[in-house]
Amino acid sequence: MQTPTHAPAYLAAELRLPTNWLDYTILAIYFVVVLGIGFAARRSVKTSLDFFLSGRSLPAWITGLAFISANLAATEILGMAANSAQYGAYTVHWYWIGAIPAMVFLGLVMMPFYYGSKVRSVPEFLLLRFDRGAHLLSSILFAFAAILIAGVNLYALAIVVEALLGWPQWVAIVVAGAFVLAYITLGGLSSAIYNEVLQFFVILAALIPITILGLKKVGGWGGLTDKLTATHGADFTTAWGGTGIGSANPLGANWLTIVLGLGFVLSFGYWTTNFAEVQRALSAKNLSASQRTPLIAAYPKVFIVFLVMIPGLVAAALVPKIGTAGSGLQYNDAIPYLMQELLPNGVLGIAVTGLLAAFMAGMAANVSSFNTVFTNDIWARYVVRGREDTYYVRFGRLITAIGVAASVGTAFLASSFSNIMAYLQTLFSFFNVPMFVVFIVGMFWKRASAKSGFWGLLAGTVTAMVNYFVFYKKGIISIPTDQGANFVSAIAGFVAGAVVMFAVSLFTRPKPAEELQGLVYGTRSPGMSEPPAAGDDAWYRKPALLGWGAIVLAAACYIPFSF
């Protein structure tokens with residue numbers, strides 16, 4: 001079984017790409033278009049609602065593509081390819097059980113509460129359901145996590161550009177940060193979203209050639225599985241092989257921790273409470289469009305796994321020792337290695353542009369959600385209250401610049417992880433999972449008291465951190481891999497948060513029933529009962545049909561990987 005290395009995540013020096021004027025021309029055109037979208041979107045920004053939530057005016061197909069594009073960042077491109085090179089076909093779990101059910105749950109169950117309550121952010125919902133303590137703590141934790149995750153994307157971009165194009169890291173950081181800063185401060189969330197739609201198609205144009213040429217290089221899917229079975233064992237190309245309790249497998253996790261840790265706790269914690277994603281749905285033009293946003297995104301999510309998993313598997317087949325000291329390549333090198341080996345000029349330029357687009361989309365999603373939460377939930381609520389609307393728009397632009405600068409500072413924290421996916425999953429177990437347990441208990445249990453939100457969130461966060469840094473890192477409990485430890489940390493944080501919320505609620509008063517309308521399952525607010533817009537009653541626009549269709553499709557995809 002391969003084990004993760006903890007060397008700094010620099011790409012191999014020999015991965016320099018043979019780029020020429022054609023590749024740089026494609027890259028320059030992309031940056032010009034990005035700025036053009038920012039200037040065009042600036043004309044629509046007149047109020048803080050326009051700047052932070054696009055005036056709640058965007059159609060579902062725009063917000064749906066932006067929703068999935070915001071997720072197509074370092075996590076998806078380098079991280080998931082690295083995951084596949086390290087763990088094999090187990091990567092499909094992050095999509096079919098670790099994303100689709102949670103995305104459907106968000107669209108069908110949670111968006112009516114978010115959108116119907118007219119909140120501007122996820123932490124603001126906690127203010128309505130619990131109290132100021134839960135709201136302030138969740139706002140601070142989310143703002144901190146958003147900057148850390150934005151830093152991951154910026155750092156990953158810098159090491160890729162340095163290795164592939166020869167640019168110094170500081171140049172890549174400054175250029176990418178400056179462009180993200182420019183188009184977000186110009187056009188706010190609308191600029192970020194329309195750029196994310198563009199970036200979605202650019203990313204696909206980058207990944208599809210790598211996947212097709214990679215498969216051709218190893219003799220198709222049959223040749224790939226034969227090579228990997230010979231070098232990594234039969235379980236490397238199956239979804240569930242070797243996941244019995246007590247069995248050894250490359251992932252270091254069994255079916256129970258996969259289903260509970262990844263499929264429920266980590267997945268639902270990320271997709272239902274991560275404001276970088278939910279913000280796209282809140283910008284939709286009506287309740288139906290907001291519900292359909294994650295459901296539309298679920299369909300490309302089902303298939304994108306092949307575009308990131310197959311390159312990782314191909315890299316593992318071509319370099320069987322990848323990720324070990326003797327190979328000269330780390331898991332994060334999988335995509336760049338294939339770009340160097342397979343792509344001709346022109347296509348190479350598209351691939352480099354696609355990588356930059358992915359990192360910029362991920363960074364922009366986190367920076368735009370950070371400026372919304374910091375401005376509305378921290379600054380306007382607790383520091384400078386009651387000012388005119390234009391003041392908060394100006395402050396939002398200022399805090400965007402501060403957020404980008406802070407992202408530069410946090411970028412190098414990712415350097416201790418050879419697999420940046422492991423780093424991101426660690427952050428999710430610390431910050432998203434505790435917030436999810438507070439949401440899920442508060443949304444489905446009327447008796448959960450106002451005080452329980454704060455203490456549940458604090459207990460869940462502390463427990464997840466203690467499990468990872470004390471029990472796992474110090475060897476008190478034996479877990480084979482970082483990913484396995486993340487699953488356990490997520491479960492521990494979820495259980496601790498739920499137990500503490502239950503205990504605190506027994507000794508403190510619940511909120512009055514009239515204050516829970518539209519905030520607890522079984523109650524409704526006026527915003528949750530708006531009539532459907534013209535055309536929203538078409539069968540292909542029905543949220544329930546879209547949601548169940550995505551789940552059936554994901555379940556069907558498991559069949560060929562289960563034997």
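For reference, positions follow the sequence shown, starting with 1. Just so we're clear, the structure is a prediction, and the values are computed from it rather than from any experiment.
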Hey, could you give me the [atom1]/[atom2] distance between [X] and [Y], rounded to the nearest 0.5 Å?
X: I149; Y: N274; atom1: CD1; atom2: CG; answer: 6.0 Å
X: M435; Y: T272; atom1: CE; atom2: OG1; answer: 10.0 Å
X: N83; Y: N332; atom1: CG; atom2: CG; answer: 10.0 Å
X: R280; Y: E196; atom1: CZ; atom2: CD; answer: 4.0 Å
X: L262; Y: S429; atom1: CG; atom2: OG; answer: 12.0 Å
X: F201; Y: L204; atom1: CZ; atom2: CG; answer: 7.5 Å

Can you name the nearest heavy-atom pair linking [X] to [Y], along with the distance?
X: N366; Y: S369; value: O-OG, 2.9 Å
X: L313; Y: F236; value: CD2-CE2, 3.9 Å
X: W96; Y: C557; value: CZ3-O, 3.3 Å
X: A150; Y: V367; value: CB-CG2, 4.3 Å
X: A317; Y: L228; value: N-CD2, 3.7 Å
X: F370; Y: A146; value: CB-CB, 4.0 Å

Report yes if some heavy atom in the side chain of [X] is under 4.5 Å from a heavy atom in the side chain of [Y]; otherwise report no.
X: Y87; Y: M309; value: no
X: M111; Y: T293; value: no
X: F439; Y: F268; value: no
X: L295; Y: V104; value: yes
X: N71; Y: Y270; value: yes
X: I29; Y: T353; value: no
X: W271; Y: K301; value: yes
X: Y90; Y: D235; value: yes

Return yes if some donor-acceptor pair links the side-chain N/O of [X] with the main-chain N/O of [Y] below 3.5 Å, else return no.
X: S267; Y: G98; answer: yes
X: Y337; Y: V319; answer: no
X: Q291; Y: A544; answer: no
X: D333; Y: Q330; answer: yes
X: S290; Y: L287; answer: yes
X: R56; Y: L282; answer: yes
X: S69; Y: L65; answer: no
X: Y299; Y: A550; answer: yes

Legend entry - side chain to side chain contact (heavy atoms under 4.5 Å, CB included) partner of L207, the single match among I212, V202, I77: I77
Legend entry - Over 12 foreign heavy atoms within 6.0 Å of CH2, W240: yes
Legend entry - More than 12 heavy atoms from other groups under 6.0 Å of CZ on F144: no
Legend entry - Pair F264 and F436, ring centroids less than 6.0 Å apart: yes
Legend entry - Check: Y558 ring centre within less than 6.0 Å of H93 ring centre: yes
Inset, instruction - Kindly determine whether N486 and Y468 satisfy side chain to side chain contact (heavy atoms under 4.5 Å, CB included), including the steps that lead there. - result: CA-CA 7 Å; N486 291 332; Y468 188 84; 3.5 Å; yes
Inset, instruction - For the residue pair W221 and F561, categorise the inter-ring angle as parallel (less than 30°), tilted (30 to 60°) or perpendicular (more than 60°). - result: perpendicular
Inset, instruction - Determine, step by step, whether I304 and I68 satisfy the side chain to side chain contact (heavy atoms under 4.5 Å, CB included) criterion, reporting the C-alpha distance in whole Å, the side-chain angles of both residues, the deciding distance to 0.1 Å, and the verdict. - result: CA-CA 10 Å; I304 284 172; I68 193 63; 4.1 Å; yes
Legend entry - Stepwise side chain to side chain contact (heavy atoms under 4.5 Å, CB included) test for T372 and F275: CA-CA 9 Å; T372 301; F275 186 49; 3.7 Å; yes
Inset, instruction - Please assess L338 against L318 for the test side chain to side chain contact (heavy atoms under 4.5 Å, CB included), listing each intermediate value before the final yes or no. - result: CA-CA 10 Å; L338 295 183; L318 296 177; 4.0 Å; yes
Legend entry - Pair S84-T91, side chain to side chain donor-acceptor pair (under 3.5 Å): steps then yes or no: CA-CA 6 Å; S84 303; T91 298; 3.0 Å; yes
